[in-house]
Amino acid sequence: MSSTSNKQPDFLFDKSNYKWMLIGVAVILVGLFLMAGGKSPDPHTFNYDEIYSFRRITLAPILILAGLGIEVFAIIKKDKPQA
């Protein structure tokens, strides 16, 4: 004799956790996109300002680390109990 119940499965994360995870992934991807590039039209010349620009050396790694921080927050975040 089998009884079926309409009990919803317990998920590990809530909808807001997944939203924060997607935001974190988007921030990481923006950081990686900003770090990409730097191809010179002439492979025999070295453009110091293009390779070591503020965008690639400072801004992109900060965004990647911020995205990883958002991911950690999304995993640790607990949902408020519904009263």
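For the single chain, residues carry numbers from 1 onward in sequence order.
- When side chains are defined from C-beta on, Ile28 does not count as touching Leu63, because their heavy atoms never get closer than 4.5 Å.
- Listed by first and then second residue, the side chain to side chain donor-acceptor pair (under 3.5 Å) pairs that reach into residues 51-69 come to none, sequence neighbours excluded.
- Residues in residues 18-28 take part in no side chain to side chain donor-acceptor pair (under 3.5 Å) pair, two or more places apart or across chains.
- Members clustered with Ile62: none, using a 4.5 Å side-chain heavy-atom cutoff among hydrophobic residues.
- Remark: Leu22 pairs with no residue by the side chain to side chain contact (heavy atoms under 4.5 Å, CB included) rule, at least two apart or across chains.
- To the nearest 0.5 Å, atoms CZ (Phe54) and CG (Asp49) are separated by 14.5 Å.
- Across Ala60 and Gly31, no two heavy atoms sit closer than the pair CB-O, 3.3 Å.
- Listed by chain and number, the residues in a side chain to side chain contact (heavy atoms under 4.5 Å, CB included) with Val72 are Ile76 (sequence neighbours excluded).
- Residue Leu34 holds its CG atom at 8.5 Å from CD1 of Ile64, rounded to the nearest 0.5 Å.
- Remark: Lys77 pairs with Ser16 by the side-chain hydrogen bond (donor to acceptor under 3.5 Å, both in side chains) rule, at least two apart or across chains.
- Evaluation of the ring pair (Phe, Tyr, Trp, His ring centres under 6.0 Å) rule for Phe33 yields no partner, not counting sequence neighbours.
- If you chain together hydrophobic residues whose side chains sit under 4.5 Å apart, Ile23 and Leu32 never meet in one group.
- Residues satisfying the side-chain hydrogen bond (donor to acceptor under 3.5 Å, both in side chains) criterion with Asp14, sequence neighbours excluded, are absent altogether.
- The hydrophobic clustering, which links ILVMFWY residues whose side-chain heavy atoms are closer than 4.5 Å, places Leu59 and Val27 together.
- The closest side-chain heavy-atom distance from Ile75 to Met21 is below 4.5 Å.
- For Ile51, the side chain to side chain contact (heavy atoms under 4.5 Å, CB included) criterion is met by Phe46, not counting sequence neighbours.
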